[in-house]
2 protein chains.
Amino acid sequence: MVRHRVYRNRIGGMKELKNKCSTCVLGQFCLPVGLSPADIGRVDSLVDKRLHLKKGDSLYRHGDPLSAVYSLRFGSLKTEHTLPDGRLQIIGFHLPGEMLGLDGIGESQYQLNAIALEESEACVIDFHELEGLAHQIPNLQQQFHRIMSRELTQDQRHLLSLGSLRAEERLAGFLINFSVRLAARGYLNNEFTLRMSREEIGSYLGIKFETVSRMFSRFAESGLIQLQQRHVKLIDMDGLYELAGQPNPLHLNTIKTPC
Amino acid sequence: MVRHRVYRNRIGGMKELKNKCSTCVLGQFCLPVGLSPADIGRVDSLVDKRLHLKKGDSLYRHGDPLSAVYSLRFGSLKTEHTLPDGRLQIIGFHLPGEMLGLDGIGESQYQLNAIALEESEACVIDFHELEGLAHQIPNLQQQFHRIMSRELTQDQRHLLSLGSLRAEERLAGFLINFSVRLAARGYLNNEFTLRMSREEIGSYLGIKFETVSRMFSRFAESGLIQLQQRHVKLIDMDGLYELAGQPNPLHLNTIKTPC
DNA sequence: CGAGCGTTTGAAATCGGTCAACAGCAGTGG
DNA sequence: CCACTGCTGTTGACCGATTTCAAACGCTCG
């Protein structure tokens with residue numbers, strides 16, 4: 001089950017010119033947000049290599065000393081905690097443009113395992129260099145703070161889900177959250193393929209995989225979604241939002257009184 | 001139920017000399033960790049006022065624009081999320097020396113409500129000034145990053161608890177967590193008074209208050225703790241650690257082979 | 001094509017939730 | 001000082017959502 005870390009790309013020739021934030025399509029979601037072109041050029045130098053991961057490979061593991069934070073370029077990862085008795089909790093699923101490894105900063109060693117759900121690639125950002133550059137570029141510092149804070153907020157919403165919602169509501173919220181994050185990156189957001197198993201979804205949501213499966217079937221039966229294995233099509237967004245206990249933000253505008 | 005924010009101390013005379021980190025006993029847990037005395041002197045200038053809160057007062061509320069982050073001087077707070085339908089999830093309980101308001105950075109407005117559980121006082125740290133000073137003092141920047149990351153880690157452990165542990169284990173973990181945090185601050189850690197109701201503990205742990213009450217009674221009956229209303233005395237730490245599914249760190253040394 | 005997962009579905013069991021009654025204690029006001 | 005009121009906490013009995021156990025199905029990949 002546990003694979004070892006793989007640094008496929010470590011051997012030579014890594015400081016390639018093409019590892020540049022300035023030309024990366026994810027720039028608008030990643031570290032360089034709000035920087036001038038000149039400053040983005042300086043951020044380029046932070047990304048001295050990229051790591052290519054196969055499904056199941058670890059990006060980092062609990063206890064590894066912190067050396068870098070990572071920005072996902074393509075693919076998807078999960079982060080997880082394990083208990084001594086073997087139980088396991090998935091903390092997050094991570095999409096392109098998101099930063100990984102922030103859990104390692106507090107104690108100078110990573111607190112989680114970060115594992116690829118599919119073929120993925122991450123930019124390696126030496127953390128000390130990042131702090132150094134953030135010290136020189138205030139906008140970079142601010143952006144980094146925003147990213148950490150949003151990560152906090154994401155986990156806090158997740159806490160709300162695990163602490164206060166029923167299985168059905170959690171799963172609806174999960175689908176919506178995925179859809180929103182995909183849309184923000186310009187991906188198709190009403191139809192996508194889940195890269196993780198029912199068991200992993202269950203772990204993330206604090207329920208058993210059989211329950212996930214049952215809820216999916218129920219959603220499909222009531223016409224909220226269509227399912228073909230891991231491929232999901234969201235049919236009735238309003239219904240999903242309602243189930244998740246949130247108002248559909250798309251309708252807020254229409255309800256609001258115009259000024 | 002909902003009280004309005006109270007800025008008792010806002011009226012004049014607030015820039016007192018005694019608002020100094022340099023002389024604050026919490027310095028070793030707070031922002032100034034790792035700074036030279038000279039730099040701590042510069043941090044003093046960040047704390048331009050303190051807020052005094054009575055039980056039930058809000059330090060900040062969901063949606064308020066971010067202006068400051070806070071460091072708790074004495075007392076205790078809870079942070080919480082609310083759902084449109086009235087359900088509520090307590091995200092954290094906060095002790096002296098801990099920072100509040102980090103949830104507000106990502107979107108420039110606070111995402112949670114922060115409410116005093118008792119008479120409390122918080123240092124008000126203008127966030128833009130903090131970023132400015134962190135820009136000048138690398139150690140301050142690093143310490144701030146560590147604080148944010150630890151906050152993240154704390155929430156992630158909480159996720160593990162809500163997602164993977166049974167009620168009994170969650171409550172044992174809660175008591176241990178409290179004990180550890182009190183000990184870190186030099187407080188008595190095997191005997192303390194909980195500032196929050198059974199209902200608030202339940203909300204934090206994702207269980208109902210009746211369950212909290214039952215589990216407490218069970219713990220007391222099996223000799224793990226002693227209870228008098230909200231006053232708790234931890235009797236059998238090993239038993240609690242075992243219940244919480246963690247090894248007692250105090251015994252790790254004795255088990256480890258000496259080098 | 002067959003082995004091994006991952007998934008679905010059903011039936012039984014259980015943990016925690018819900019409902020309800022009551023006890024304890026704090027604050028109020030006579 | 002002692003009802004009275006209201007809130008918090010405890011405990012019991014019953015209920016129900018989710019888990020557990022089990023069986024069968026169907027991808028996927030070697």
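Naming convention: chains lettered A, B, ... in sequence-line order (proteins, then strands); numbering from 1 in each chain. The figures here come from the full heavy-atom set of this structure, side chains too, leaving out hydrogens, waters and symmetry mates.
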* Take A:Glu119 and A:Lys54, measure what salt bridge (Lys or Arg N to Asp or Glu O under 4.0 Å) needs, and give me the verdict at the end. => CA-CA 5 Å; A:Glu119 189 101 9; A:Lys54 284 188 304 181; over 6 Å; no
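There is a side-chain donor-acceptor pair under 3.5 Å between A:Asp155 and B:Gln156.
Qualifying salt bridge (charged side-chain N to carboxylate O under 4.0 Å, His left out) partners for B:Arg73, counting only residues two or more places apart in sequence or in other chains: B:Glu121. Evaluation of the salt bridge (charged side-chain N to carboxylate O under 4.0 Å, His left out) rule for A:Glu210 yields no partner, not counting sequence neighbours. Qualifying salt bridge (charged side-chain N to carboxylate O under 4.0 Å, His left out) partners for B:Glu118, counting only residues two or more places apart in sequence or in other chains: B:Arg195. Partners of A:Glu151 under the salt bridge (charged side-chain N to carboxylate O under 4.0 Å, His left out) rule, at least two apart in sequence or in another chain, do not exist in this structure.
Using cut-offs of 30° and 60° on the angle between ring planes, the pair B:His52 and B:Phe74 is perpendicular.
Contacts between residues 194-205 of chain A and DNA chain D, defined by a heavy-atom separation below 4.0 Å, involve no residue at all.
Residue pairs meeting the ring pair (Phe, Tyr, Trp, His ring centres under 6.0 Å) criterion with at least one member in residues 150-170 of chain A, sequence neighbours excluded, are A:His158-A:Tyr204. Among pairs with a residue in residues 178-194 of chain B, those fulfilling salt bridge (Lys or Arg N to Asp or Glu O under 4.0 Å) read B:Glu98-B:Arg181, B:Glu98-B:Arg185, at least two apart in sequence or across chains. Legend: ring pair (Phe, Tyr, Trp, His ring centres under 6.0 Å) pairs involving residues 209-234 of chain B, not counting sequence neighbours: none detected. Screening residues 212-228 of chain B for side-chain hydrogen bond (donor to acceptor under 3.5 Å, both in side chains) gives B:Glu168-B:Arg218 as the qualifying pairs, with residues at least two apart or on separate chains.
A:Leu227 has its CG atom 7 Å from the P atom of C:dT8, to the nearest Å. One atom, CD of A:Gln228, and another, C1' of D:dT28, lie 16 Å apart when rounded to the nearest Å. Rounded to a whole Å, the CZ atom of B:Phe219 is 14 Å from the P atom of D:dT11. For A:Arg230 and C:dC5, the CZ to P distance is 14 Å, given to the nearest whole Å.
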Under-3.5 Å N/O pairs linking protein and nucleotides 14-18 of chain D:
from, atom 1, to, atom 2, distance (Å)
D:dT18, OP1, A:Ala167, N, 2.8

Would you tabulate the pairs of protein nitrogen or oxygen atoms and nucleotide nitrogen or oxygen atoms of nucleotides 19-26 of chain C closer than 3.5 angstrom?
from, atom 1, to, atom 2, distance (Å)
C:dC19, N4, B:Glu210, OE2, 3.4

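The bend of the helix from C:dC1-D:dG30 to C:dG30-D:dC1, defined by the angle between the axes of its first five and last five pairs, stands at 40° to the nearest 10°.
A:His81 places no side-chain N or O within 3.5 Å of a backbone atom of B:Leu160 that could act as its donor or acceptor partner.
Residue A:Gln154 places its CD atom among more than 12 non-hydrogen atoms of other residues, nucleotides or ligands, all under 6.0 Å distant.
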